[in-house]
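Each remark here refers to the structure printed beneath this line.
Chain identifiers are assigned alphabetically (A, B, ...) following the order of the sequence lines, protein sequences preceding nucleic acid strands; residue numbering begins at 1 within each chain. Keep in mind it's a predicted model, so treat the numbers as computed, not measured.
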Amino acid sequence: MASVESQVTPAANATPIPLWLLAEVTYRCPLQCAYCSNPIAFARYRNELETDEWLSVLDQARAMGAVQLGISGGEPLLRKDLETIVGHARELGFYSNLLTSGVGLDETRLGELKRAGLDHIQISFQADSSGPSDEIAGGHHFSTKERMAQAIKAHDYPMVFNVVMHRRNLDRVDSILQLAWDLGADYVELANTQYHGWAYHNRAALMPTREQIRRAEAITQHWREKVGNRMQIYFVGSDYYDETAKPCMNGWGTTFLGVAPDGRAMPCHGAAELPIELPSVREERLQAIWEDSHAFNVFRGHDWQPEPCRSCELLHSCHGGCRCQALLLAGDAWATDPVCPKSPLHERVVREVEAADERKNEFPLVMRTVKNSRSLS
Amino acid sequence: MNGDVRIWLSAGMRLQWEAAQSAYVMLYPEGMIKLNGPAGEILSRCDGRTVDGLIADLQQAFPSADLTADVITFLEEANTKGWLRTTEGDDDG
């Protein structure tokens, strides 16, 4: 998801507008993916925003110029008011994107969402078949997903087919792309795992060898040549392996505004894991949160940056990288992202990648369950 | 691109005026392109009319110069990017 989002680009030097509003409407989910980007403590989120509160968030964000709405979770289909939220978004002029596992979808709901004005659906798959899919996501959902992908196309939606890639499915990329092709995907996003949240916890089990990535990329390129524009395939690299700090959120507080199920506003997807207090849309207006809150200003611009970033010629393209990665790898959210070779702690990333190359035993997965969430947080 | 070809925006593409940005923007799954003035004028007319019809209309709105070559270049580029659906080359998807 991250890569496609970054195509929402703000005009240089303009007053920042939260062009991209991400509504994480619930953290409840029928899946238990071991790479989930939700906070480890997701089970502790209670008191989801009510329908009216979400509608007010949409009103406020649209008035500030927000134009893309991502509705995600957890599994957003678990919200019974999803159609109401989508309908309101359409009336306001949002382009609405539903990010779903497909579980909980059916023909009736698809029809209702279409009538409400939903613009696009991104459906996640975990693998090319049920065995490896169940292994990483828990439960038996593969055939439902297949059916729902067909239904999405039957309802004439543009469909993004999203797969998080890791040690256990990279070697299956050819059959994954075949599946996407057979299901009529318009875009395929092969998103290599970023090691935050649950994925960080499962690094030993999920990190692939460099050879796996190289082969998967070559196979992807072969598919691109074969299918051309009819199915656009994005192979999104993982920071650990690309050894390049990425411009997190396109620059902090420039483009992205996320709202967690309980109303906490987030400057990045992982902000709940950072040592900053998140303002709540229940207590403050969105505009005040965006413009004045500590959370949205703490990493805005470049004044906060340490060396080697401060004097680096890449500063304006990477903004110092990912704050969550800095916290996880350097123990300091203000540090240079250690995935950057210029970071004094880069060796820590190299060591992880080399260890993954040499790893012989497969590690068990810690699944994203309520029980695990409670015991880890 | 021939003059009698009809053009629409591709499915999933939406064009709208954004007051906050003082510009037309093209919206598509999880993305947005902010359009400059001429691009907005051209794309807002891609509603099923022919290339000739579109050029005639633009020429009437902006009579000072011959726009034909520029408009066709832009439309061909937009078509390559997948923004347009046309009655030409339906078979290449």
Would you say the side chain of A:Tyr95 lies within less than 4.5 Å of the side chain of B:Glu30, judging by non-hydrogen atoms?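 When only atoms from C-beta onward are counted, A:Tyr95 and B:Glu30 do not touch, as no gap falls below 4.5 Å.
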
Show me the side-chain donor-acceptor pairs of residues 285-292 of chain A shorter than 3.5 Å, one per line, residues at least two apart or across chains.
unit_1, atom_1, unit_2, atom_2, d
A:Gln287, NE2, A:Glu291, OE2, 3.0
A:Trp290, NE1, A:Pro16, O, 3.3

Check: residues 2-12 of chain B side-chain donor-acceptor pairs under 3.5 Å, at least two apart:
unit_1, atom_1, unit_2, atom_2, d
B:Arg6, NH1, B:Gly48, O, 3.0
B:Ser10, OG, B:Gly82, O, 2.8
B:Ser10, OG, B:Trp83, O, 3.2
B:Ser10, OG, B:Leu84, N, 3.2
B:Ser10, OG, B:Leu84, O, 3.1

Give the minimum heavy-atom separation between A:Gly93 and B:Gln16, together with the two atoms involved.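 So the two residues come closest at O-NE2, 2.8 Å.
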
Can you name the nearest heavy-atom pair linking A:Val160 to B:Pro29, along with the distance?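 Minimum heavy-atom contact is CG2-CB, 4.4 Å.
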
In Å and rounded to the nearest 0.5 Å, what is the CD to CG distance from B:Glu18 to A:Leu19?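 With rounding to 0.5 Å, CD (B:Glu18) is 8.5 Å from CG (A:Leu19).
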
Please round to the nearest 0.5 Å and tell me the distance separating atom OH of B:Tyr28 and atom CG of A:Asp186.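 One gets 14.5 Å once the value is rounded to the nearest 0.5 Å.
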
Would you find a donor on one side and an acceptor on the other, under 3.5 Å apart, between the side chain of B:Arg14 and the backbone of A:Asp119?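 It does not hold such a pair.
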
With a cut-off of 6.0 Å (strictly less than), are more than 12 heavy atoms of other residues, nucleotides or ligands near CD of A:Glu225?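 For A:Glu225, atom CD is crowded (more than 12 foreign heavy atoms under 6.0 Å).
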
For A:Tyr157, which atoms come within 4.5 Å of any heavy atom of chain B: side chain, backbone, both, or neither?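 Neither part, no heavy atoms under 4.5 Å.
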
